[in-house]
2 protein chains.
Amino acid sequence: MTRATGSVRRRQLPSTDELRVWREYIETAERLRSRLAARLQAESSLSIGDYQVLLALSEARPRALRSSELAATIGWERSRLSHHLGRMERRDLVRRDECATDNRGAEISLTDTGERAFRAATVPHLRAVREVFVDAFTAPQLDHLAAATGALRSHLAESDS
Amino acid sequence: MTRATGSVRRRQLPSTDELRVWREYIETAERLRSRLAARLQAESSLSIGDYQVLLALSEARPRALRSSELAATIGWERSRLSHHLGRMERRDLVRRDECATDNRGAEISLTDTGERAFRAATVPHLRAVREVFVDAFTAPQLDHLAAATGALRSHLAESDS
DNA sequence: CACCTCTCATTGACATATCAACGATATGCC
DNA sequence: GGCATATCGTTGATATGTCAATGAGAGGTG
C-alpha cells in the first residue's frame, strides 16, 4: 500500500487497496452508528438526534438556547433542527418559547421530562460507546485512529474554503 | 491515552480522551458521507444508495439479481431495498421482472438508462473518493486507519453473536 | 420614516430509513 | 396430497434528512 513516488498528478483514481480501505471505513462507520442508535433506542427510547439535542441543551448556560445557536452547536441545518424539535416537542422533551430580545427567535429549553430522559440515558449510552467502540481497539490503535480522524477532519475543513 | 492496567471491570465508562475520539470519529465519518453524497448528486444525479445498487447490479453475472441477493450484497434490509427500487424504477434506472424459478421472487436488472448512468458516474465518483478521502492521509496513516477499521469491524461482527 | 437587505425559524415537498404486518409462495414432513 | 412453517418481496406508518421557498422581523442607510 505504498504510493507511487513519480508524477502524482497522473494518479487520478484510488488504487484497489485504497478503495478497499474507503469501502470498509464507510461501511463500518455506518454499522457502528446503527448499532449505537439501536442501543440508545432500546435502552432509553431516544434517537441519536434526540441525544445530541438533549446533550447540547443540558450543557447550555443558561438552560436555554436560541434555535440557531443550538443548530451551530450540534452542526445541523436549521431546517433539520426545526423539524426535529417539532417531533421532540410532541414528545414533551423540549419546549419552544418566544425570545424576549428578538421577536423572530425561539428559545429552546429542556422540559422536566427531557431532562429526566437525558439523565437516564447518559450512563447506558456511554457504556455502549465503550463496549461497541472503545473496546474494539488497542491503545495504540486508538491513538492512530485519532490521528487519522484528525487528518481527515482537517482535510474536509480545508476543502470547505 | 494509556489504559489502566489494573482491574478492567471497574472502568465502565470511556475516559474524556476516548470520548473525544469517539465523537470526532462519528462526526467526521458523517461529514465525509455527506460530502461524497453531495458530489455524487451534483456530478451524476445519483444518491449513495443509487450508486450501491447500480454497482452491485453491474457486477452481477448474469446481469440480474434476485432482490434478496441484491439486498445481501449491499447489506440492506429487504424492506429498505424494496422502497429504494421503487424509486429507482420510477426514474427508469432498474427493472423488476418476475422470476422464472420462484413465483414469489423478483429479478432486478439494470435498464440501459441505469447502465449509462452508472458508467458516467463511476470515474467522477472514484475521483471524489480520492480527493475527499484518500488524499487526506499519509501512507502510514492510511495503513493505520485500515488496521483500526478492521479491528472495529471484527469487534462489531463478534458482538453480533 | 422609507427602503433595502439580511437573518430567523418554519414549512412543504420529497428522498431516505426502520419496523411491523401482510399476502403469496416455497419447502419439509407426514 | 395436506399441513405447518419459512421465505420472498411488498406495503403502510412513522421517523429522519435535504432543499427551496416563505413570512416575520432586525438592521443599516438614505
Side-chain angles (χ1 to χ4, degrees), chain A residues 27 29-42 44-53 64-91 93-109, chain B residues 27 29-42 44-53 64-91 93-109:
Chain A
E27 283 172 13
E30 172 52 27
R31 273 178 221 172
L32 178 61
R33 193 204 56 75
S34 149
R35 183 74 60 93
L36 261 292
R39 285 207 36 175
L40 191 54
Q41 189 67 54
S44 312
S45 300
L46 294 175
S47 69
I48 299 277
D50 296 336
Y51 189 85
Q52 286 181 266
V53 168
L65 280 175
R66 294 293 298 273
S67 186
S68 323
E69 294 173 324
L70 179 51
T73 303
I74 60 182
W76 286 12
E77 309 262 335
R78 274 179 312 168
S79 161
R80 176 181 176 186
L81 180 59
S82 185
H83 284 299
H84 203 95
L85 289 178
R87 292 187 294 266
M88 292 182 75
E89 202 174 22
R90 284 210 305 267
R91 295 155 60 206
L93 293 170
V94 299
R95 182 173 39 239
R96 285 194 258 212
D97 297 306
E98 292 171 7
C99 176
T101 62
D102 187 335
N103 285 327
R104 296 166 304 182
E107 296 255 320
I108 317 298
S109 51
Chain B
E27 282 172 15
E30 171 53 26
R31 273 178 220 173
L32 178 61
R33 193 203 56 76
S34 149
R35 183 74 60 94
L36 262 291
R39 284 205 42 173
L40 191 54
Q41 189 68 53
S44 312
S45 300
L46 294 176
S47 70
I48 299 276
D50 297 336
Y51 190 85
Q52 287 180 265
V53 168
L65 280 175
R66 294 292 299 271
S67 186
S68 320
E69 293 173 324
L70 179 51
T73 302
I74 61 182
W76 285 13
E77 308 263 334
R78 277 178 312 164
S79 162
R80 176 181 175 186
L81 179 60
S82 183
H83 284 298
H84 203 95
L85 289 177
R87 292 187 296 266
M88 292 182 74
E89 203 174 22
R90 284 208 306 267
R91 294 156 61 205
L93 294 170
V94 299
R95 184 173 38 241
R96 285 194 256 211
D97 297 306
E98 292 172 7
C99 175
T101 63
D102 186 335
N103 286 327
R104 295 167 303 183
E107 295 255 321
I108 317 298
S109 51

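Keep in mind that the numbers below use all heavy atoms, side chains included, and drop hydrogens, waters and symmetry copies. In what follows, chains are A, B, ... by sequence order, proteins preceding strands, each numbered from 1.
Look at CD1 on B/Ile48: it is 14 Å from C1' on D/dT18, rounded to the nearest Å. Counting to the nearest Å, the C1' atom of C/dT25 and the CZ atom of B/Arg66 are 11 Å from each other. Distance, A/Leu36 CG to C/dA17 C1': 17 Å, rounded to whole Å. Separating the NE2 atom of B/His84 from the P atom of C/dA17 is a distance of 7 Å, rounded to the nearest angstrom. Going from atom CG of A/Asp50 over to atom P of D/dG17 covers 10 Å, rounded to whole Å. If you take NE2 of B/His83 and C1' of D/dT10, they are 8 Å apart, rounded to a whole angstrom. Computed from coordinates, the B/Trp76 CH2 to D/dT10 P distance equals 14 Å when rounded to whole Å. Protein atom CG of A/Leu46 is 18 Å distant from nucleotide atom P of C/dT18, rounded to whole Å.
Counting any heavy atom pair closer than 4.0 Å across all strands shown, A/Arg90 reaches sugar-phosphate atoms only and no base atom. A/Arg96 comes within contact range of the sugar-phosphate backbone alone, with a heavy-atom separation under 4.0 Å but no base atom that close. Looking at heavy-atom distances under 4.0 Å, B/Ser82 makes contact with a base.
For A/Asn103, the listed nucleotide lying nearest its side chain is D/dA26; candidates were D/dA26, D/dA13, D/dT18. Comparing C/dA24, C/dT10, D/dG25 by their closest approach to the side chain of A/Ala106 singles out C/dT10. Comparing atom distances between the B/Arg104 side chain and each of C/dT18, C/dA26, C/dT16 picks out C/dA26 as nearest.
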Exercise. Can B/Leu40 and B/Asp50 be said to form a side-chain contact (heavy atoms from CB on, under 4.5 Å), step by step?
Worked result: CA-CA 10 Å; B/Leu40 191 54; B/Asp50 297 336; over 6 Å; no
For this session: Go through A/Leu46 and A/Arg91 one step at a time and tell me if the side-chain contact (heavy atoms from CB on, under 4.5 Å) criterion holds.
Result: CA-CA 11 Å; A/Leu46 294 175; A/Arg91 295 155 60 206; 4.0 Å; yes
Problem set entry | Stepwise side-chain contact (heavy atoms from CB on, under 4.5 Å) test for B/Arg95 and B/Glu89 | CA-CA 6 Å; B/Arg95 184 173 38 241; B/Glu89 203 174 22; 5.6 Å; no
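B/Cys99 approaches B/Ala106 most closely through the heavy-atom pair CB-N, 4.3 Å. Counting all heavy atoms, side chain and backbone alike, B/Leu81 lies closest to B/Trp76 at CA-CE3, 3.9 Å.
In the interface, the side chain of B/Arg80 is not paired with the base of C/dT18 through any donor and acceptor atom under 3.5 Å apart. Taking only distance into account, the side chain of B/Ser79 meets the base of C/dC19 through a donor-acceptor pair shorter than 3.5 Å.
Toward the 5′ end of DNA chain D lies the nearest nucleotide of A/Gly49, the other residue of the pair A/Asp102 and A/Gly49 mapping further downstream. When each of A/Leu81 and A/Arg33 is assigned the nucleotide of DNA chain C bearing its nearest heavy atom, the one mapping closer to the 5' terminus is A/Leu81. In this structure, A/Glu30 and A/Arg78 both approach DNA chain C, and ranking their closest nucleotides by distance from the 5' end singles out A/Arg78.
Residue A/Ser47 has no polar side-chain atom (N or O) positioned under 4.0 Å from OP1 or OP2 of D/dA15. Between D/dT16 and A/Arg87, a contact under 4.0 Å exists linking OP1 or OP2 to a side-chain N or O.
At a threshold of 4.5 Å between non-hydrogen side-chain atoms, the residues B/His83 and B/Ser79 count as touching.
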